[in-house]
Amino acid sequence: SVQAQRLCPGAVFLHGRHDRYAEVSARVLAIFGSFTPLVEPISLDEAFLDVRGARRLHGSAVAIAHAIRRRVADDEHLTCSVGVAPSKFVAKLASEAAKPRATPQGPRPGPGVRVVTAGEVQDFLRPLPAQALWGVGPKTLARLERLGVRTVGDLADLPVGSVTDALGVAVGRHLHRLAHGIDDRPVQPERDPKSFGHEETFPHDLRDRERLERELVRMADAVAARLRAHGLAGRTVTLKVRFGDFTTLTRSTTTAVATDSGRELARLAKGLLDGVDPAPGVRLLGVSVGNLAAEVVRQLRLDEVVDEASPGLDAVVDRIRGRFGEDAIGPAVIVGPDGLRRKRRGDQHWGPGEPDASGPPVPTPRG
């Protein structure tokens, strides 16, 4: 976007509305869920669907794909592209082939639905560039090119030993299997989260440490609230800092016991920030929590309330927000002229959202 603005100074840039995207995404996922309970979201606008148990009710996988496109268009006034194939990997590539294409003359419509049957997988994959395979980035592609690999078919034709010698056993076998269209991973409707986090890209580089610490408090408060909503706590806190020149660094610390306290997460994140010089200008700041556990176990201090019948401070805060709204209470340091500035759902966070958000091979649609 920076380069685009340099090339076109008169361009108008619109701010993203992540909370709105999350709202629409939840409704689209609900449409998917009306066809099958086996829906695996992989981003705001992508998901895998296993429709093996839905064919008697809704028809073939191809019929379901077209029905989903009609429902999304009718209910949300949005277009979507669907790939139908025997595996998740091929279904993803098929959905890419179903999309419209940008041309100098304007967008060129795609087919909307692309079907790749079990007998067509090899013919579909072989002409594709090698970088179409999941896991082939610039470094891996450079190694493959030294072996003469340009397309998926080139990789499929190599002995698996040559690939593992160049890329390592795990990566080599994985890519060689994908090149043959082999992907036996099931659609997973629910997966245990590995981390929760928030990050924000600022419109201008920030150099003021006090401002950065306030942003950390906002993020830590939001991450902690989501941890508590899912009955989880974390031991490892990670700080992510990206400077204006796109140099990125991360710093982590691991505590002896897991926590779901926004105050504690903010304290740990601030400690990590103490080791970072913000003078070059911070473009992006993020806080995440990993090493998750299902329970919080900690040693009480003598100055803490020990009445077991009374709820903790964080529990009281959650109850107040549940009754009066998210902006009813929060850390004093993030109160500004316009009131409390809490992080919003869908506003550049990762990890699960709030609980209320939401024979031969059988084709797996991916929309």
Side-chain angles (χ1 to χ4, degrees), residues 21-100 109-128 132-134 152 156 174 177-193 230 352-367:
Y21 304 154
E23 175 188 335
V24 175
S25 174
R27 294 203 300 264
V28 172
L29 287 174
I31 293 174
F32 297 163
S34 69
F35 287 89
T36 173
L38 300 178
V39 179
E40 179 183 345
I42 55 175
S43 70
L44 279 174
D45 64 345
E46 292 181 287
F48 291 111
L49 284 69
D50 183 339
V51 298
R52 286 177 293 183
R55 290 174 294 170
R56 178 172 295 182
L57 182 62
H58 297 291
S60 69
V62 178
I64 292 173
H66 286 285
I68 286 174
R69 293 192 76 238
R70 288 193 298 270
R71 281 279 304 279
V72 172
D74 292 342
D75 295 359
E76 299 298 331
H77 308 290
L78 295 171
T79 60
C80 69
S81 303
V82 185
V84 181
S87 68
K88 292 165 67 172
F89 165 62
V90 180
K92 178 176 174 61
L93 294 180
S95 73
E96 296 290 335
K99 291 181 178 179
V113 174
R114 179 68 163 88
V115 181
V116 180
T117 66
E120 297 169 339
V121 167
Q122 282 298 305
D123 290 340
F124 173 73
L125 289 178
R126 290 186 65 84
L128 298 177
L133 297 176
W134 286 345
V152 174
H174 170 69
R177 284 171 60 85
L178 290 184
H180 285 88
I182 301 172
D183 177 20
D184 53 9
R185 296 167 307 151
V187 172
Q188 298 178 305
E190 295 183 4
R191 290 178 291 181
D192 293 335
H230 287 80
E354 283 72 2
D356 58 348
S358 61
V362 178
T364 301
R366 177 257 191 191

Spacing of [atom1] belonging to [X] relative to [atom2] belonging to [Y], to within rounding of 0.5 Å:
| X | Y | atom1 | atom2 | value |
| --- | --- | --- | --- | --- |
| L44 | E23 | CG | CD | 12.0 Å |
| L128 | L133 | CG | CG | 8.0 Å |
| T36 | H58 | OG1 | NE2 | 8.0 Å |
| L78 | R27 | CG | CZ | 9.0 Å |
| I31 | E76 | CD1 | CD | 5.5 Å |
| K88 | D184 | NZ | CG | 10.0 Å |

So [Y] and [X], do their side chains get closer than 4.5 Å, heavy atoms only?
| X | Y | result |
| --- | --- | --- |
| S25 | S43 | no |
| I42 | F48 | yes |
| V90 | D183 | no |

Next on the checklist: Using the side chain to side chain contact (heavy atoms under 4.5 Å, CB included) definition, which of the options V82, V84, I68 pairs with L49?
Outcome noted: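 Going through V82, V84, I68 one by one, the side chain to side chain contact (heavy atoms under 4.5 Å, CB included) with L49 is satisfied by I68 alone.
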Next on the checklist: What verdict does the side-chain contact (heavy atoms from CB on, under 4.5 Å) test give for V39 and L29, after you've listed the backbone C-alpha separation in whole Å, the side-chain angles of each residue and the deciding distance to 0.1 Å?
Outcome noted: CA-CA 8 Å; V39 179; L29 287 174; 4.2 Å; yes
What heavy-atom pair brings [X] and [Y] nearest, and what distance separates the two atoms?
| X | Y | result |
| --- | --- | --- |
| A47 | P41 | CB-CA, 3.9 Å |
| E120 | V116 | OE1-CA, 3.7 Å |
| A85 | A91 | CB-N, 3.5 Å |
| V121 | G181 | CG1-CA, 3.9 Å |
| L125 | H180 | CD1-C, 4.4 Å |
| S81 | A98 | OG-O, 3.6 Å |

Next on the checklist: For R70, is there an ion pair with D74 - N to carboxylate O distance below 4.0 angstrom?
Outcome noted: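 The answer is no: the pair does not qualify as a salt bridge.
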Item to check | Any donor-acceptor N/O pair, R69 side chain to C80 backbone, under 3.5 Å | outcome: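 Looks like yes, one N/O pair under 3.5 Å.
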Checklist entry - Under 30°, 30 to 60°, or over 60°: which ring-plane class applies to F89 and W134, parallel, tilted or perpendicular? => result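 If you compare the ring of F89 with that of W134, the planes turn out perpendicular.
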